[in-house]
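FYI, the numbering just counts along the sequence from 1.
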Amino acid sequence: MKIKIYPTVSPTSVLEQAQFLAETIDGEVANSIQTETVDVAIFFGPPNQAMDQIRKIITAKKKICYWVLEGPPMRYGRYVARVVGCDVSVAPSKAVQRFAEEGDIYIDMIIPHEIRVSPVDVKKERRGIYIGGNYPRKFMQWALDTYNLLSHVLDAYYRAEIPDQFAKPFNEMLESKGIKRLEKMDKVKLSEFIAGYYTFASLSSGEGFGLFQREALALGLNLVTVETDAFWDILSHPCVYTVKPTAIILVSGNRNDAYEEYRSWNPSEYAEVFMKSLEKPCSEPLRYEPHYRKFKLLVQ
């Protein structure tokens with residue numbers, strides 16, 4: 001059986017997750033798009049122009065859509081989701097399910113992303129860390145205001161998901177605030193790096209699932225985050241400290257396929273909750289399951 005996975009966006013997390021899925025179900029990640037016939041095609045990402053192009057040149061006996069969304073689909077996104085002809089629609093979280101169904105995409109089931117961290121034994125010598133892609137939603141003004149209040153105890157990093165030629169002004173702005181660039185490192189080194197901290201502070205304003213947050217919990221860090229149904233499965237975890245959102249904002253940006261859902265918060269309240277998280281270490285690291293095994297039933 002030929003199973004092919006087609007990422008429709010290219011952030012590191014999406015490409016990594018697509019590879020994890022391929023390894024689990026004996027599939028292959030499409031590194032280039034070409035006319036072909038497969039038994040099962042798995043679209044991995046939002047209903048965008050890339051998905052529209054892929055669906056025109058591949059023939060598949062079965063199509064599975066694994067929706068990766070940060071907000072509800074817009075008019076073009078709804079059109080693509082309709083014409084791609086998914087036999088099964090899957091979401092990685094209740095947040096993504098809500099985003100999809102607000103765009104008239106019915107979700108058959110939720111299968112969370114795969115959490116894989118390297119087992120490490122590192123003494124926690126540093127207090128707080130935040131890592132975000134160099135997207136605006138990861139560093140909105142209220143997040144920068146929060147970092148300003150906590151910069152004496154919080155190390156903030158951006159990961160260059162958007163190429164430098166497009167994001168140079170934004171990267172320079174982040175660096176002017178004291179936010180450092182996180183260079184690429186393998187999974188073991190990244191796990192060791194994160195595990196040296198006490199608390200992961202999620203300053204992201206928009207999440208569909210939250211891989212870094214869950215990986216940090218799995219490595220034994222506390223997590224501070226604004227409340228959102230992207231974290232539907234971990235909000236009651238004893239190492240999770242939450243902050244109430246002050247507003248929920250839909251932003252279309254420069255894209256015409258999906259909105260992005262931002263949540264704002266009170267920086268002073270966030271800083272207070274963060275300092276509380278430093279009072280005691282995480283007592284119960286997050287236990288995670290190999291969720292992608294569930295796809296084995298879907299590709300039959």
Side-chain angles (χ1 to χ4, degrees), residues 117 120-161 167-185 189-207 210-228 230-231 234-235 237-247 262-286:
V117 296
V120 293
D121 184 15
V122 179
K123 183 178 179 181
K124 297 188 179 301
E125 299 176 333
R126 297 178 295 278
R127 286 176 283 187
I129 185 172
Y130 170 60
I131 302 171
N134 56 341
Y135 310 109
R137 70 176 179 274
K138 302 296 185 180
F139 293 96
M140 294 299 289
Q141 186 59 52
W142 49 91
L144 295 174
D145 291 343
T146 302
Y147 171 67
N148 187 54
L149 293 173
L150 294 171
S151 59
H152 61 296
V153 290
L154 178 62
D155 296 333
Y157 296 88
Y158 74 89
R159 189 162 70 170
E161 300 286 2
K168 185 178 178 180
F170 189 69
N171 295 348
E172 290 177 345
M173 182 277 291
L174 294 177
E175 291 173 8
S176 74
K177 304 289 185 182
I179 297 166
K180 299 177 284 291
R181 183 187 183 107
L182 184 69
E183 301 300 336
K184 289 184 178 181
M185 58 183 78
K189 289 184 178 180
L190 183 59
S191 295
E192 290 175 345
F193 177 66
I194 295 174
Y197 284 88
Y198 209 88
T199 294
F200 188 97
S202 178
L203 301 183
S204 170
S205 298
E207 289 290 344
L211 277 168
F212 263 134
Q213 292 85 347
R214 288 172 172 83
E215 288 175 347
L217 274 177
L219 288 166
L221 280 72
N222 290 320
L223 170 66
V224 180
T225 181
V226 66
E227 289 184 6
T228 165
F231 301 124
I234 60 173
L235 287 177
H237 190 281
C239 300
V240 175
Y241 296 74
T242 60
V243 179
K244 294 285 186 183
T246 54
Y262 293 176
R263 292 184 178 228
S264 61
W265 60 82
N266 183 309
S268 296
E269 180 184 347
Y270 192 109
E272 183 178 342
V273 173
F274 175 86
M275 297 306 294
K276 184 178 179 181
S277 78
L278 298 180
E279 294 176 2
K280 61 180 181 179
C282 178
S283 59
E284 186 181 330
L286 179 68

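Contact between L144 and M173 at its shortest, heavy atoms only, is CD1-SD, 4.0 Å. For Y158 against E175, the heavy-atom pair with the smallest separation is OH-OE2, 2.5 Å. When all heavy atoms of S204 and G206 are compared, the closest pair comes out as OG-O, 2.8 Å. What you find for F274 and V224 is that their closest heavy atoms are CA-CG2, 4.0 Å. The two residues M185 and L182 make their nearest non-hydrogen contact at CE-CD1, 3.9 Å. For the residue pair L221 and F200, the shortest heavy atom distance occurs at CD2-N, 3.8 Å.
The NZ atom of K138 lies 11.0 Å from the CZ atom of F170; values are rounded to the nearest 0.5 Å. Here L149 contributes atom CG and E272 contributes atom CD; the two are 11.5 Å apart, rounded to the nearest 0.5 Å. In this structure, CD1 in I179 is found 5.0 Å from CZ in F139, a value given to the nearest 0.5 Å. Rounding to the nearest 0.5 angstrom, the gap separating the CG atom in L154 from the OG1 atom in T199 is 9.5 Å. Going from atom CG of D145 over to atom CE of M140 covers 11.0 Å, rounded to the nearest 0.5 Å. Between the NZ atom of K276 and the OH atom of Y241 there is a distance of 7.0 Å, given to the nearest 0.5 Å.
Of the possible donor and acceptor atoms, none in the side chain of R137 sits under 3.5 Å from a partner among the backbone N and O of Y262. Side chain of N134 to backbone of E161: a donor-acceptor contact under 3.5 angstrom is found. A donor-acceptor pair is defined here as one N or O able to donate and one able to accept, closer than 3.5 Å; such a pair exists between the side chain of N222 and the backbone of S277. In this structure a side-chain-to-backbone donor-acceptor pair under 3.5 Å is missing from T242 to E227.
Taking the six-membered ring for Trp and the full ring otherwise, F193 and Y157 have centroids separated by under 6.0 Å.
Screening Y130, W265, W142 for a ring pair (Phe, Tyr, Trp, His ring centres under 6.0 Å) involving Y270 leaves a single residue, W265.
Under a cutoff of 6.0 Å and an axis angle of 45°, R126 and Y197 form a cation-pi pair.
Within a 6.0 Å radius of NZ in K180, other residues, nucleotides and ligands contribute more than 12 heavy atoms.
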Before giving the answer on side chain to side chain contact (heavy atoms under 4.5 Å, CB included), spell out for V153 and M275 the whole-Å C-alpha distance, their side-chain angles and the decisive distance to 0.1 Å. CA-CA 9 Å; V153 290; M275 297 306 294; 4.0 Å; yes
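Side-chain contact check for V240 versus F231: every heavy-atom pair is 4.5 Å or farther apart. Residues I234 and L223 are in side-chain contact: their nearest non-hydrogen atoms beyond the backbone lie under 4.5 Å apart. With a 4.5 Å cut-off on side-chain heavy atoms, S191 and L219 count as touching.
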